[in-house]
Amino acid sequence: MSHFDWLSELLARYQDEHILVRRGAATALAPAHLLEIDPEDWGRAAQVAAGYACRWAGVWAEQRDAELMVTAALARDGDHLLLRTQVPLSTPLLPSHTQYYPGADRMERHVQNMHGLVFSDHPDPRRWSRHNRWAADSYPLRKEFAVGSAPLPAAPEQDYPFIQTQGAGAYEIPVGPVHAGIIEPGHFRFQAVGETVLNLEQRLGYVHKGIEKIAEGRDAQGLARLAGRVSGDSTVHYAWSACMAMERAAHLAVPPRAQALRAVLAERERIHNHLGDIGAICNDVAFTFAWQQFARLRELWLRDNAACFGHRMLMDCIVPGGLATDPSAAQIAQLRAAIDPLRRELAALYPILDDHPSLEDRLATTGVLSAEQAQRLGCLGYVGKASGQDHDLRRDHPYAPYDRLHVSSPLFTTGDVAARMQVRMQEILDSLELLVVLLDTLPDGAVQVPWQAPAAGSEGIGLVEGWRGEILSYVRFGSDGRIARYFPRDPSWFNWPALELLIHGNIVPDFPVCNKSVNGSYSGHDL
Amino acid sequence: MLRILNKIRQTGLITEDLPREPVLEQVGAQLRAGIARQFQGSLAIRQVDAGSCNACELEIHALNNGYYDIERFGVHFVASPRHADVLLVTGPVSVHMETALLRTWEATPAPKLVIAAGDCAACGGEFGCSYASRGAVSNVIPVDAVIPGCPPTPLALMQGILQALQTS
């Protein structure tokens, strides 16, 4: 099967529907394909794609003089298709994709709040990213909006019209934004009867830091630093995806050693997060033995990061053009030597998790996300893989160095907390396998080439399989090598709404473990 | 059950075995003495993410792993600001978290300490001040001590908490 062998059929369907399609410059946003369409066809183009089993992968806009340029990403079999259109700023209207793709709901509202682009038939008119601290008729990503604009006076976010429940015995539990644990802020509104959750509604956006706006005008190195802080637990993957987008825009080839080491960093990041979260899931059902054991393994793993790359979380290791550090042969040997001990530890721990009756009692059949729900939302990463959604870019559309590796990806269909944990247990073993090959076949040579800023208007897309799932980054350069537009799309955009669905009918005390099994990024979503 | 007990036995007490970081014991002992003097042996911390990228949270979590085991010094994390002696605040204060942070600070009984943890909390870090960010925590509530780092390591966090007690 070759890439995009499905595209001609989709184009034929567009033709049947009289959707006028102009092929963009084929290589401008490679490996994605760009199609330019008319604004009035925007909704139908999504409808046809939804009927052709395409996944919806994001939407973003950018002001270009008196127009808004809007781009939406669709994906199938790991290939990304970009739909693009222009709407005048004087009448910024587009049909919504949400009725065909429920996963588009919040991101379209984000675009509406940030750019003032109105999705005319969007089913939910409520604001999303805006919390009453900037005016309803001012839009931070418009050019006339100054990055340093003073916010409106502080007021609690209390007039958001949550869905209401009425009836005998029904009650409401508001939680957050400041939560009980050491976690990120967000608001959860539960409606419950007795212990059973009738409905959960999320209100996010509390850690909105204006990332898209403050990215404007940065140089490439500055963008890489910022990207590494979109979601700190995914710093490697965000930096990689942003650098990949910038390097594609600049037609800059990264040395093979840097490519391989980027994957080493990425797999190490996947492992430390999975280790930490497996322990945390167990801790949420009071199995503290596993929590302490996995926290111990994670700590050792982070210390090796610090010893070999100079940073426990591997921040700022990936820079435009390659890598900031080149580990010595001794350091590579240290990384290699850590693999077998971890495997032995896991070989002792996994059977304990697998047959511990009280763990099974709490995790199996808890928080079930059906395959149909996961498919409709476009769930990614372990949330998707636990519910039959077999997406993994490293295998489906491999980027260097995965194009020379064999990547296997676990798949489960039960969609419960146990399945999401099983995916992560297996992914650790798979990542260790990849690390062995990567470290044993590490190419020699430089780890960095000098950065060369591309011409104004150059754009690029970065796509990597983060530990939460696919991360998409779009970058367009302005003049002097400065960033004109940066949009990073976290997989949590699609996995957060899944939490609202999978909690239905579960008991309130199981919410923490359900939440941990999804572990959406607040920061990566709120931007 | 036997496998669990065996694993625990084999793992042993990792907390006592810290050849790589002898300084940890010293920091811990000072920390314990400070807490005993000022807080009757028990220091309750309420952590508040006021806009962080979540890297600081991961390192604060690590304080509870067996290697650092910050609870042995009398430091524990509590679920409510009303139980807290210290607010450990991370992130540049996002404009959307400003009210929540203020209310959390007001809900914390005096005398209280505020520690700004991480570069963003200390000075705004990579995010600075903008329409969406108030920058340093001290722009919103009074701060008694800062712990630099992006993110600060668990050891730096322990040292920072100690320093805050010494200077308060």
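Order of the sequence lines fixes the chain letters, A, B, ..., with proteins taken first and strands second; residue numbering starts at 1 for each chain. All heavy atoms count here, side chains included; hydrogens, waters and symmetry mates do not.
Of the atoms belonging to F127(B), heavy atoms from both backbone and side chain fall under 4.5 Å from chain A. Proximity to chain B (any heavy atom under 4.5 Å) is restricted, for R312(A), to the side chain, taken from C-beta onward. Neither the backbone nor the side chain of Y522(A) comes within contact range of chain B; no heavy atoms are under 4.5 Å apart. Neither the backbone nor the side chain of V93(B) comes within less than 4.5 Å of any heavy atom in chain A. For S52(B), the part sitting under 4.5 Å from any heavy atom of chain A is the backbone (N, CA, C, O) and nothing else. Interface remark: V178(A) contributes side-chain atoms only to the contact with chain B (heavy atom separation under 4.5 Å). Only the backbone of H179(A) comes within contact range of chain B, with heavy atoms under 4.5 Å apart. Interface residue P151(B): backbone and side-chain heavy atoms are both found under 4.5 Å from chain A. At a 4.5 Å heavy-atom cutoff, S138(A) makes no contact with chain B through either its backbone or its side chain. In this structure, chain B has no heavy atom under 4.5 Å from any part of Y238(A). Using a 4.5 Å cut-off between heavy atoms, I182(A) contacts chain B through both its backbone and its side chain. Both the backbone and the side chain of E184(A) come within contact range of chain B, each with at least one heavy atom under 4.5 Å from a heavy atom of that chain.
Salt-bridge check for K516(A) with D277(A): passed, with a basic side-chain N closer than 4.0 Å to an acidic carboxylate O. For E126(B) and K209(A), the salt-bridge test fails: no basic side-chain N is under 4.0 Å from an acidic carboxylate O. In this structure, K112(B) does not pair ionically with E106(B), as no charged nitrogen and carboxylate oxygen lie closer than 4.0 Å. With respect to R229(A) and D316(A), a salt bridge is recorded, a charged nitrogen being found less than 4.0 Å from a carboxylate O.
By number of non-hydrogen pairs under 4.5 angstrom with chain B, the leading residue of P351(A), A150(A), A290(A), A306(A) is P351(A). When each of S149(A), G276(A), G148(A), P185(A) is checked for heavy-atom pairs under 4.5 Å with chain B, P185(A) comes out on top. The candidate from L302(A), I214(A), N273(A), I352(A) with the greatest count of non-hydrogen atom pairs under 4.5 Å with chain B is I352(A). Listed options N6(B), V48(B), N64(B) were ranked by heavy-atom pairs under 4.5 angstrom with chain A; first place goes to N64(B). If you tally non-hydrogen atom pairs under 4.5 Å between each of A50(B), C120(B), A100(B), C150(B) and chain A, the highest count goes to C150(B). Taking T235(A), I183(A), V230(A) one by one and counting their heavy-atom pairs under 4.5 Å with chain B, the maximum is reached by I183(A).
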For this session: In sequence, state the C-alpha distance, the side-chain angles, and the governing distance for H110(A) and S129(A), and then conclude on side chain to side chain donor-acceptor pair (under 3.5 Å).
Result: CA-CA 5 Å; H110(A) 174 72; S129(A) 300; 2.6 Å; yes
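Note that NE2 of H96(B) is 4.5 Å distant from CH2 of W134(A), once rounded to the nearest 0.5 Å.
When side chains are defined from C-beta on, L353(A) counts as touching I278(A), because their heavy atoms get closer than 4.5 Å. Side-chain atoms of H187(A) and P174(A), non-hydrogen and from C-beta on, do get closer than 4.5 Å to each other.
Under a cutoff of 6.0 Å and an axis angle of 45°, R203(A) and W128(A) form a cation-pi pair.
If you run side chain to side chain donor-acceptor pair (under 3.5 Å) between N305(A) and each of H311(A), R268(A), H272(A), only R268(A) comes through.
D233(A) and N54(B) share a side-chain donor-acceptor pair at under 3.5 Å.
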